[in-house]
Amino acid sequence: MSKDSFPKPNLTSDSGIEIEKVYNQPRSDADEMPGKFPFTRGVQEDMYRAKLWTMRQYAGFSTAEESNKRYHYLLKQGTTGLSVAFDLPTQIGYDSSHDLSEGEVGKSGVAIDSLADIEILFEGINLQDITTSMTINSTASILLCMYIALAKKQGADLKNISGTIQNDILKEYAARGTYIYPPKPSMRIITDIFEYCSKEVPKWNTISISGYHIREAGSNAVQELAFTLANGKAYVKAALEKGLDINVFAKRLSFFFNAHNNLFEEVAKFRAARRMWAHITKELGATDARAQMLRFHTQTGGSTLTAQQPYNNIMRVTIQALSAVLGGTQSLHTNGFDEALSLPTEDAAQIALRTQQVIAHESGVTQTVDPLGGSFYVEALTNEVEKKAWDYIRRIDEMGGAVAAIEKDFIQNEIASSAYKYQNNIENGSKIIVGVNKFAVKEKPFNNIFYVDDSVRKVQIEKIKAVKEKRNNTQVVQSLSALEEACKNGTNVMSHILNAVEVYATLGEIADAMRKVFGEYK
């Protein structure tokens with residue numbers, strides 16, 4: 001089919017919701033107000049009039065030394081929170097020296113093998129003065145303990161350190177694949193983290209229930225919302241079964257959503273998410289308003305970035321960031337325009353951060369709360385997104401919940417079907433991607449690419465050797481043995497992981513100690 005003979009675009013949202021020519025006033029709760037149940041209009045009464053969202057830039061590559069330089073650069077540019085990307089071996093519990101780590105060390109994020117790397121990663125950064133988000137799941141307990149161990153070495157009051165670990169393993173089984181242990185022990189570790197942090201680091205967000213990777217795998221906005229909230233229900237129920245108080249642990253739950261290009265549908269998704277979660281937590285027993293609030297971080301859509309005409313991605317990221325702000329996000333990361341080609345360069349990271357700053361300080365959208373509230377279109381779309389998401393959640397509940405739905409491949413198949421439909425629409429031209437299937441031009445190669453070479457692995461292997469030569473190996477063996485025993489007898493594993501971290505057991509050694517008891521999920 002030629003470029004000029006594409007069929008007329010469908011007048012539907014990306015989730016298949018038919019868009020009317022004009023909207024009249026829809027069903028809405030006229031008395032809904034920001035900061036009040038069910039929080040459709042925002043979780044704070046004053047929102048950005050009182051405090052802007054946290055501006056994060058997701059960063060991490062190569063060694064801890066190199067990533068530390070990028071963090072200091074971003075802090076000087078005005079970022080207000082750090083967000084750590086870890087390489088693949090770190091995510092799945094292998095040291096850089098492991099055979100399976102070859103070719104992956106430092107590539108998709110920073111390589112972390114022991115507490116020594118964390119000490120370098122945050123050198124010159126006071127953990128009490130910054131919030132840190134760590135995108136880590138199967139090894140979240142280990143990385144959190146490394147962060148806590150460093151905070152202790154800095155003399156920090158653990159009651160005052162704050163940040164987030166993603167710690168969302170269910171979406172790994174459904175959409176991403178960086179799991180280690182089977183679902184049951186993985187859920188046990190997560191609830192151990194809930195319990196430990198509520199006492200020791202009460203300001204820490206113990207999970208960031210992620211729709212981001214569900215969307216990156218090919219879901220539409222409605223599916224992202226529904227599957228994320230269904231996973232959230234599963235975590236709450238697991239914590240309740242452990243005997244934890246929903247009015248305590250639910251206050252530290254957070255969510256992580258994607259933002260794509262359909263601005264109004266994304267805003268509707270964020271508004272619907274708050275309203276739905278408020279009702280879900282209330283039904284599960286939450287009576288404290290803060291335990292009913294859905295607080296969320298947003299990242300602009302990596303899968304929407306194109307290698308063709310990469311500067312177009314600046315506009316895409318701007319639209320996506322604006323949707324997150326209009327939708328009431330608490331934290332935001334904006335992608336670099338070059339991320340379809342490589343890790344972001346410093347220039348791309350600066351433009352991404354400046355995008356947030358321009359929205360915050362020049363656009364005027366922060367001057368009033370829920371500025372699109374009352375729009376006939378946005379209110380109707382919020383209701384429609386919510387209705388379709390509830391339909392999915394009811395189907396998942398009938399299967400026995402999110403874990404059962406994942407085990408039956410229901411969620412995976414729905415995502416795959418959506419991804420196929422989306423790609424098919426691009427190929428037949430009913431979905432236009434500027435610079436890809438429309439308005440394409442012959443381009444010169446884009447040469448400003450950030451590259452991490454394989455020498456990083458050699459550096460990390462030498463660092464591991466140095467750590468093992470310097471540490472007390474008797475203490476390491478004892479701490480790992482105690483951790484294994486805790487895994488067997490049901491004791492909370494967190495204090496044992498922390499003990500192992502503090503005597504410089506490596507990430508791989510700690511993960512292996514738990515592998516011996518829990519096995520690996522295949």
Side-chain angles (χ1 to χ4, degrees), residues 56-71 74 81-98 100-123 125 127 130-150 163-169 171-172 175-181 186 189 193 204-205 207-208 210 212-213 216 256 297 299 302 333 335 339 342-344 349 450 452 456-457 459-461 463-464 497 501 505-512 514:
R56 300 188 187 278
Q57 285 306 114
Y58 187 48
F61 56 89
S62 186
T63 62
E65 289 87 348
E66 292 302 313
S67 293
N68 177 261
K69 291 176 186 176
R70 177 65 65 90
Y71 293 159
L74 290 170
L82 297 177
S83 186
V84 185
F86 298 97
D87 73 356
L88 189 57
T90 303
Q91 292 181 48
I92 56 178
Y94 292 134
D95 288 335
S96 298
S97 54
H98 196 285
L100 293 178
S101 298
E102 187 172 358
E104 293 292 344
V105 177
K107 294 293 181 69
S108 62
V110 63
I112 299 295
D113 290 305
S114 73
L115 176 58
D117 285 320
I118 289 290
E119 291 167 351
I120 297 167
L121 186 66
F122 293 102
E123 187 174 355
I125 300 170
L127 300 190
I130 197 80
T131 66
T132 302
S133 174
M134 295 190 281
T135 304
I136 196 71
N137 296 285
S138 59
T139 54
S141 57
I142 304 171
L143 270 300
L144 176 57
C145 284
M146 288 183 180
Y147 195 88
I148 292 169
L150 178 58
T164 304
I165 45 172
Q166 190 163 102
N167 198 28
D168 175 6
I169 203 64
K171 65 95 174 54
E172 297 295 331
R176 191 159 175 264
T178 62
Y179 45 73
I180 301 174
Y181 317 110
S186 292
I189 294 168
I193 293 170
W204 195 269
N205 296 322
I207 194 168
S208 179
S210 176
Y212 184 85
H213 300 101
E216 289 294 285
F256 175 23
H297 169 73
Q299 181 173 339
H333 162 79
N335 289 329
E339 288 190 54
S342 70
L343 292 169
F450 192 105
V452 176
V456 172
R457 184 170 184 246
V459 172
Q460 288 300 118
I461 289 173
K463 287 163 72 175
I464 293 169
I497 295 173
V501 161
T506 68
L507 176 135
E509 289 171 333
I510 296 169
D512 283 347
M514 292 192 281

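Only heavy atoms go into these numbers, but all of them, side chains included; no hydrogens, no water, no symmetry mates.
Nearest heavy atoms, Ser62 versus Val456: OG-CG2, 3.4 Å. Scanning both residues, Ile497 and Ile510, for their nearest heavy atoms gives CG2-CG2, 4.2 Å. The two residues Ala349 and Arg70 have their closest heavy-atom pair at CB-NH1, 4.2 Å. The two residues Leu121 and Asn68 come nearest to each other via the heavy atoms O-ND2, 2.9 Å. Across His333 and His297, no two heavy atoms sit closer than the pair N-CE1, 3.5 Å. Across all non-hydrogen atoms, the minimal contact from Phe256 to Ser208 is CB-OG, 3.1 Å.
Note: Lys463 NZ to Ser114 OG = 8.0 Å, rounded to the nearest 0.5 Å. For the atom pair Leu144 CG and Asn167 CG, the distance stands at 8.5 Å (nearest 0.5 Å). Ser83 contributes atom OG, which lies 10.5 Å from atom CG of Leu74 (distance to the nearest 0.5 angstrom). In this structure, the separation between CG on Asp512 and OH on Tyr94 is 8.0 Å, given to the nearest 0.5 Å. Between atom CG of residue Leu82 and atom OG1 of residue Thr131 there is a gap of 7.5 Å, rounded to the nearest 0.5 Å.
The closest side-chain heavy-atom distance from Leu88 to Lys107 is not below 4.5 Å. At a threshold of 4.5 Å between non-hydrogen side-chain atoms, the residues Asp117 and Leu507 do not count as touching. Annotation: side chain of Arg56 is in contact with side chain of Ser133 (closest heavy-atom distance under 4.5 Å). Between Glu172 and Asp168, the closest side-chain pair of non-hydrogen atoms is not below 4.5 Å. Between Met134 and Met146 there is no side-chain heavy-atom pair separated by less than 4.5 Å. In this structure, the side chains of Met514 and Ser141 come closer than 4.5 Å at one or more pairs of heavy atoms. Contact check for Val110 versus Phe61: no side-chain heavy atoms found under the 4.5 Å cut-off. For the pair Ile169/Ile189, no side-chain contact is recorded, criterion being any heavy-atom separation below 4.5 Å from C-beta on.
The backbone N or O of Gly106 lies less than 3.5 Å from a partner atom in the side chain of Asp87, making a donor-acceptor pair.
Thr506 and Asp95 share a side-chain donor-acceptor pair at under 3.5 Å. Inspection of the Tyr147 and Thr132 side chains reveals an N or O donor paired with an N or O acceptor under 3.5 Å. No hydrogens or angles considered: a donor-acceptor pair under 3.5 Å links the side chains of Asp113 and Gln460. Side-chain contact of Gln91 with Asn137: a donor-acceptor pair under 3.5 Å is absent, judged by distance alone.
The aromatic rings of Phe122 and Tyr71 lie parallel to each other, their planes meeting at an angle below 30°, with 60° marking the opposite boundary.
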- Between Thr90 and Leu143, does a side-chain contact (heavy atoms from CB on, under 4.5 Å) hold up when you go through it step by step? CA-CA 9 Å; Thr90 303; Leu143 270 300; 4.1 Å; yes
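Applying the side-chain contact (heavy atoms from CB on, under 4.5 Å) test between Ser96 and each of Val105, Ile112, Val459 identifies Val105 as the sole match.
Ionic pairing of Glu66 and Lys69 is present here: one or more N-O contacts between side-chain nitrogen and carboxylate oxygen are shorter than 4.0 angstrom.
Atom CD of Glu65 is surrounded by more than 12 heavy atoms from other residues, nucleotides or ligands within 6.0 Å.
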